[in-house]
Every structure is written in structure tokens, then in C-alpha cells.
Amino acid sequence: MFFRRFQFSRDIGIDLGTANTLMYVSGKGIVLQEPSVVALDLERGVPLAVGDEAKLMLGRTPGNIRAVRPLRDGVIADFDAAEQMIKTFIQKGNEGRGIVAPRLVIGIPSGVTGVERRAVREAGLAGAREVHLIDEPVAAAIGAGLPVTEPVGTMIVDIGGGTTEVAVLSLGGTVLSESVRVAGDELSDSIGVYLKKVHNLVVGERTAEDIKIRIGSAFPDDEHDETSMDVRGLHLLSGLPRTINVRAGDIREAMAEPLNVIVEAVKRTLERTPPELAADIVDRGIMLAGGGAMVRGISDLISHETGILTHVAEDPLLCVVMGCGMVLEDYKRLERVLDTPDFVRQAA
């Protein structure tokens, strides 16, 4: 019991998302689910808060404190802040235990460049002995319970905060994939642009996200389109705070453009899919994962546009991190789905 409690190291799986970071520790399950936000003290150059605490500071900081989201569009935009965030999350999730640094499996968008992959790997090495990367659609498919290692075509659409990943998988590998940098953040931004253009109201990103979660939708529904909510913001003409009432139907129309980009990415991937795999996808349907899959009616929109039945995973937010965790728990069988570091590949 003593040795099991204080293992030399616990392997860790991380879904390093633009909006949220989730962590899976082998033998324990999911131990952490917090926003990907860091608050930095500019005078001392140290992080003041990470995660939930830091998110509360977004848009509310004095001059000497800066609250930042180190990832934009699924890739590291602020390397130092990302390194501090990963380090803090590893310490928090692992409770400081383990004599040896852990092995890390990090889920990243499939469309990132070699340089961006290296940046993630180097940021992870700040708190780990070895870092393996896994493409998010593969991790999401494993986490959603799809038979990725079998000779059957499966299609996964992972709608995160910064990127939407569309992939066709078979035999543990990616046959086709497309990554578009339009996802949950762009849906929130489109709401902010609509309020500014139509109502002359300026709102922060947290308010826009709240509107998306509460009344946002992707597919017409007469009953839901009539629901409304009060929104507070700064009126452009008077320069004073003001409250307005917005309808769900108007918000759906405001979100139509980024939603259309996501649908077009799904269609393009289907057009390029080999016939045998396309037949499997028609039989099995399309699986949606990621936080964006929780937008009301998005599965109906994709079904309507493609003619293929579309399902939402049981826990769409947890799919990628659960996939990383399942790779760690069954490492021998699933090792080949990981991205091998460049220097190992060259040495081989």
C-alpha cells in the first residue's frame, strides 16, 4: 500500500486546450479541469494565479498584472506563460508526489506545424521526463469509445476552443484529417461583433461566451428561437453601461458564419474519403466531441447538411483527455497512435 501511494512516477495525460486544460493521472483518472489562463505579475515576472483563479481576472486586472490565455487557435502563443501553466498544473494534479518526473502524453491539433509541435514538447519537458504528442482527433475517438484500432472507417469532429479537427480514422491511424482554426472562440467572437454592429453594445469575451452557452444554437427551433436573455455592456454612443434583451434566434444567425466554416470542413473531408471508408461512415455516423459539440443543435445542423446521422459523444469535453489516459493505461497496444519525437525518428 505504501509503495502504491508513493510511486516513483505517475504517467500523466493532458488535453492542452485553447479554452480548458484537463489532466488524467494513471491510476487515478481525471484529476484536473481548469481554464487555460495564467495571471502574471509583470513587476516580478512570476505567475500569480493559474486556471479558475486566473480566469476570474480576465479583463479586470490593474496595470502591473496581466491575465493571458497562453494558447491561441490550439497552439502556444506565449511560450513562457504556457510553460508556467503546464508546470503548475502538473504539480497541482500530481499533488507534488513522485520521485521521478512523469511521462506525459499531450493532445494537440493535427494541423500544427513541426515548430509548433516542438514548442509544446519543450513546454511539457519543464515538468516531465519524456513527452509524447497525440493528435486530438485520435485521442477524442479513443476517449469516445470508437473502434480506432479496427479496420473500420470512423469519422470524428472535435470542436474545441481554438480549432475544429475533422478526421477519418482506421487501423489506429489517421487516413484523412483537416484542421480549421474556427471553433468555440470564433462563435463567441461572432456574438460580440453582432452586439456591437446591431445594438452598439460592447461586451467582454466572458459575457459573449455566457450568451453562447445559455441561448446559442446552431439549428432553427421555433420554440428555442423565441427565448431571450438580458445582456449588460458598454453602450458605444452614450459611453455608459446599458442592459439590452437579445433573442436566441438572432444569436443563431450571428453564429451562422463560423458554423458554416465547420460544416464545410466536414463536407470537404467526406469528399476526399475513400469509398470503402465512406460506406463505413454512412453506416456508423459521425461522432462529435469537444466543448463546441455542446452547442445546441449542432449535430442536427451537420446531419442536415451531410445527410449522415451525427451523434454527440457522452462527455464531449472529456473525450480528448480520456483518450490520452487510455493510451497511458494500455500503452503497449496503443503506443503506435503517438507522434514519435523527430530526433528519435532520425536516429532510427
Side-chain angles (χ1 to χ4, degrees), residues 14-22 36 69-77 82 105-121 123 132-144 146 148 153-170 172-190 218 257-274 277 281 286-295 298 301-302 305-306 310 313 316-317 319-321 323-324 337-340 342:
I14 297 179
D15 171 10
L16 192 62
T18 308
N20 297 290
T21 296
L22 295 92
S36 304
R69 292 172 65 179
L71 288 102
R72 281 276 160 201
D73 297 331
V75 297
I76 292 176
V105 169
I106 302 179
I108 57 161
S110 59
V112 302
T113 64
V115 173
E116 289 163 343
R117 282 175 187 268
R118 186 158 291 188
V120 174
R121 194 173 272 125
H132 298 278
L133 305 180
I134 182 171
D135 288 343
E136 278 175 0
V138 179
I142 294 169
L146 296 178
V148 291
T154 52
M155 189 175 204
I156 183 103
V157 182
D158 179 24
I159 309 167
T163 57
T164 295
E165 310 279 319
V166 186
V168 176
L169 312 170
S170 179
T174 305
V175 179
L176 284 170
S177 74
E178 181 160 349
S179 181
V180 289
R181 295 192 176 186
V182 173
D185 285 352
E186 277 68 23
L187 294 175
S188 301
D189 291 346
S190 65
E257 200 176 316
L259 285 168
N260 191 45
V261 173
I262 293 169
V263 170
E264 287 302 315
V266 174
K267 284 182 176 175
R268 277 196 304 274
T269 308
L270 283 167
E271 283 166 12
R272 291 159 45 217
T273 305
L277 296 177
I281 292 165
I286 298 168
M287 182 66 82
L288 299 185
M294 296 163 81
V295 171
I298 197 161
L301 176 70
I302 293 173
E305 291 292 328
T306 61
T310 305
L317 262 178
C319 285
V320 174
V321 75
C324 293
V337 303
L338 298 171
D339 178 25
T340 313
D342 295 338

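In this text the structure is predicted, and so the values were computed from the model without any measurement.
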Side-chain donor/acceptor of T273 to backbone N/O of T269, under 3.5 Å: yes

Is the closest side-chain heavy-atom distance between [X] and [Y] below 4.5 Å?
X    : Y    : result
E136 : I156 : no
T306 : L270 : yes
V105 : I14  : no
V266 : E305 : no
D185 : L187 : no
L317 : M294 : yes
T174 : V168 : no
V166 : S179 : no

Check [X] against [Y] and note the closest heavy-atom contact, atom names and distance.
X    : Y    : result
L71  : T18  : O-CG2, 3.4 Å
I134 : C324 : CG2-SG, 3.8 Å
A140 : V320 : CB-CG2, 3.8 Å
A141 : V148 : CB-CG1, 3.4 Å
I262 : V182 : CG1-O, 4.0 Å
I298 : G292 : CD1-O, 3.9 Å

How long is the gap from [atom1] on [X] to [atom2] on [Y], to the nearest 0.5 Å?
X    : Y    : atom1 : atom2 : value
M155 : L176 : CE    : CG    : 8.5 Å
R272 : L277 : CZ    : CG    : 12.5 Å
I106 : R121 : CD1   : CZ    : 9.0 Å
L16  : I76  : CG    : CD1   : 6.0 Å
I159 : T164 : CD1   : OG1   : 5.5 Å

Pair R181 + E116, salt bridge at N-O below 4.0 Å: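 Answer for the salt bridge query: yes.
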
E264 atom CD, neighbour heavy-atom count above 12 within 6.0 Å: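 Enclosed: over 12 neighbouring heavy atoms sit under 6.0 Å from CD of E264.
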
Derivation and outcome, side chain to side chain contact (heavy atoms under 4.5 Å, CB included), residues V138 and L169: CA-CA 7 Å; V138 179; L169 312 170; 3.9 Å; yes

Criterion side chain to side chain contact (heavy atoms under 4.5 Å, CB included) on E178 and R268, from CA distance to verdict: CA-CA 9 Å; E178 181 160 349; R268 277 196 304 274; 2.5 Å; yes

Working for side chain to side chain contact (heavy atoms under 4.5 Å, CB included), residues T163 and V180: CA-CA 6 Å; T163 57; V180 289; over 6 Å; no

Side chains of T21 and S36, donor plus acceptor under 3.5 Å: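 Present: a donor and an acceptor within the cut-off.
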
Test log, rule side chain to side chain contact (heavy atoms under 4.5 Å, CB included), inputs M287 and L146: CA-CA 9 Å; M287 182 66 82; L146 296 178; 4.0 Å; yes

